[in-house]
Amino acid sequence: MVYVSSRSSRWYALSLLVPILVLSQSILTTAQKHCQDPIVRKEWRTLSKSARLNYLDAVHCLLSTPPLTPLSAAPGIRSRYDDFVATHINQTLSIHFVGHFLPWHRWFTAVYETALREECSYEGAQPYWDWTLDTPADEFMESPVFDDRYGFGGNGALVPIDESDPNEVLGRTGGGCIEGGPFKDLVVRLGPLNGLGDNPRCLTRDLAPYYAARFLGRNQTELTLRQKDFGWFDRVLQGGQTFDASGIHDGGHYGVGGTYGVMADPFASPADPIFWMHHANVDRLWWSWQKQDLWERLWDISGPIFMQDYGNEKGGNTTLDYKLSLWSNAKDIVVSDVMDIQGGGLCYDYDELYESDRDMENSEDESQEMGFDW
Ligand SMILES: [Cu+2]
């Protein structure tokens, strides 16, 4: 195994400090056994301007709706939106680099979408951000997603790199508070890292166009889609332990978050509303992959229960009956409930999927070419 300390140090350092909090409240009432009329998720730039503004308004509504989580569990929570950030912080070390990474984030995004619709009168579906449309690098910062009026706002002011910071993302361009857009005055309270106290600060971004283009472009999408089983698909998508071995998931987090942006915080990243746009597209990529061989892939799940335990030294693999929890945001479910986006607890669709236009040979060789060496 390649040992690289930089990025993984963030993850391991605080692993013993994450509080164990269990709330039994269940508020999601729309889980359906049969999905008859799925809502359709669309790419941000294909939405009408008024639809984009409606979505952004709904996010602001969640940001000003009182929380469900008791303050005793997370003292920094001030809004329904924070319920989701706290949930992610609370579980970060058990939901990344594991087999249930994709199922958990599929469920997380769907429950957030349901909150927008049921608690904030939003009538659309969660939009997605197809980042392949914003590559190569010189197009990245012009993405409609970063628009100040009809998007999520753009970059933060440039903050020079602290030489001692091991997490420098090459080609980063910002790092400070975002300078415009509908979330310019957003107060991020939870985090950094696993802090659940009240720590008010601005929303930061640190766009890294070359990094983003490398890991969010069509080539990386193709490489990911070509994997033959869920285990490899998931590993290529989540990437390895260095920036050089990143996958698409990292591409969005560090392409937007760079070194100092909120999206680069493995714990508190959902505090940047762009998180949901990225994760909707990660989910769309998984569904695109599942649809290539749906009958097989509705049941294909594997990967470790414990973080980066690909050799199963600490435990076993995720299975279809593995339990997923979203804390106070929803009832507990199991992985099999979210394998189908139109069955179990879910009822949505995508307007368009990725298609792999190359054959699916040699996926393992290509994985090794990408620098994987577990
Ligand atoms: Cu996550």
Side-chain angles (χ1 to χ4, degrees), residues 27-44 46-47 51 55 58 84 87-88 95 98-118 122-132 221 224-225 227 229-231 233-234 237-238 248-249 252 270 275-303 318-326 329-356:
I27 58 116
L28 190 78
T29 55
T30 53
Q32 296 159 286
K33 283 289 170 216
H34 304 287
C35 169
Q36 305 211 319
D37 195 9
I39 53 173
V40 179
R41 295 182 178 177
K42 297 176 183 157
E43 214 281 333
W44 184 252
T46 71
L47 297 174
Y55 177 80
F84 289 91
T87 298
H88 191 269
I95 52 171
V98 290
H100 48 284
F101 163 76
L102 284 168
W104 191 93
H105 286 79
R106 173 174 278 179
W107 182 227
F108 190 47
T109 305
V111 172
Y112 176 77
E113 177 181 57
T114 301
L116 292 174
R117 288 168 57 82
E118 295 193 349
Y122 175 59
E123 292 182 353
Q126 170 62 43
Y128 62 84
W129 171 27
D130 183 356
W131 359 257
T132 64
T221 312
T224 312
L225 280 172
Q227 304 305 315
D229 59 39
F230 180 84
F233 174 78
D234 187 52
L237 188 148
Q238 292 195 71
I248 277 175
H249 175 238
F275 172 95
W276 309 99
M277 300 280 291
H278 173 51
H279 267 280
N281 204 43
V282 167
D283 183 65
R284 174 175 167 249
L285 186 66
W286 181 25
W287 185 243
S288 298
W289 181 84
Q290 288 182 288
K291 288 279 273 190
Q292 289 176 356
D293 188 3
L294 192 62
W295 192 245
E296 283 291 321
R297 293 177 179 179
L298 280 177
W299 289 272
D300 189 6
I301 191 82
S302 64
T318 299
T319 53
L320 288 171
D321 57 5
Y322 188 81
K323 197 170 94 176
L324 305 174
S325 166
L326 290 184
N329 297 291
K331 64 178 185 176
D332 288 349
I333 59 158
V334 292
V335 166
S336 63
D337 291 324
V338 293
M339 293 299 286
D340 185 350
I341 67 173
Q342 287 145 36
L346 302 173
C347 193
Y348 63 85
D349 204 351
Y350 289 100
D351 59 342
E352 207 180 318
L353 295 176
Y354 288 117
E355 278 172 35
S356 181

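From a predicted model like this one, the values you see are computed outputs, not experimental measurements.
- In this structure, the side chains of Gln290 and Trp299 stay at 4.5 Å or more apart for every pair of heavy atoms.
- Judged purely by atom type and a 3.5 angstrom limit, Asn281 uses its side chain to pair as donor or acceptor with the backbone of Trp129.
- Contact detail for Leu353 and Lys291: the closest heavy-atom pair is CD1-CG, 3.7 Å.
- Expressed to the nearest 0.5 Å, how far CG of Asp234 lies from OG1 of Thr224 amounts to 10.5 Å.
- In this pair, Phe275 and His88 present their aromatic rings perpendicular. The plane angle is above 60°, beyond the 30 to 60° band.
- The residues Asp332 and Lys323 are annotated as salt-bridged, a charged nitrogen and a carboxylate oxygen being separated by less than 4.0 angstrom.
- In terms of heavy-atom proximity, Gln126 sits nearest to Glu113 at N-OE2, 2.7 Å.
- Interatomic distance, Asp37 CG to Cys347 SG, rounded to the nearest 0.5 Å: 7.0 Å.
- The heavy-atom pair separating Pro127 from Ala280 by the smallest distance is O-CB, 3.5 Å.
- The shortest non-hydrogen separation linking Pro103 to Ile301 is CG-CD1, 3.7 Å.
- The backbone N or O of Gly124 sits less than 3.5 Å from a side-chain atom of Arg117, completing a donor-acceptor pair.
- A pairwise comparison of heavy atoms in Glu43 and Asp130 identifies OE2-N, 2.9 Å as the closest pair.
- Checking His249 against His278 by side-chain atom types alone, no donor-acceptor pair falls below 3.5 Å.
- Taking the six-membered ring where tryptophan is involved, the planes of Phe101 and His105 are tilted, since the angle between them lies from 30° to 60°.
- The NE2 atom of His279 sits 9.0 Å away from the CH2 atom of Trp104 when rounded to the nearest 0.5 Å.
- A distance of 4.5 Å separates CZ of Arg41 from OH of Tyr348, quoted to the nearest 0.5 Å.
- With contacts defined as side-chain heavy-atom distances shorter than 4.5 Å, the pair Trp107/His100 does not qualify.
- In the model, Tyr350 has a side-chain atom that pairs as donor or acceptor with a side-chain atom of Asp283 under 3.5 Å.
- Gln292 is listed as a side-chain neighbour of Leu225, based on a closest heavy-atom distance under 4.5 Å.
- Note: Thr109 OG1 to Met277 CE = 12.0 Å, rounded to the nearest 0.5 Å.
- Aromatic pair Trp289/Tyr354: centroids not less than 6.0 angstrom apart.
- The closest side-chain heavy-atom distance from Phe108 to Ile95 is not below 4.5 Å.
- Taking 4.5 Å as the limit, every side-chain heavy atom of Tyr112 sits out of range of all side-chain heavy atoms of Pro270.
- Using a 4.5 Å heavy-atom cutoff, the side chains of Val334 and Leu320 are not in contact.
- Considering only heavy atoms from C-beta on, Phe233 stays 4.5 Å or farther from Ser302 through its side chain.
- Two residues are said to be in side-chain contact when any heavy atoms from C-beta on lie closer than 4.5 Å; Arg106 and Trp287 meet this criterion.
- Between the CG atom in Asp300 and the CE atom in Met339 there is a gap of 6.5 Å [rounded to 0.5 Å].
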Q: Decide side-chain contact (heavy atoms from CB on, under 4.5 Å) for Ile333 and Lys331; before the verdict, give the C-alpha distance in whole Å, the side-chain angles of both, and the deciding distance to 0.1 Å.
A: CA-CA 6 Å; Ile333 59 158; Lys331 64 178 185 176; 3.8 Å; yes

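- When every heavy atom of Ile341 is checked against every heavy atom of Asp349, the shortest pair comes out as CD1-CA, 4.0 Å.
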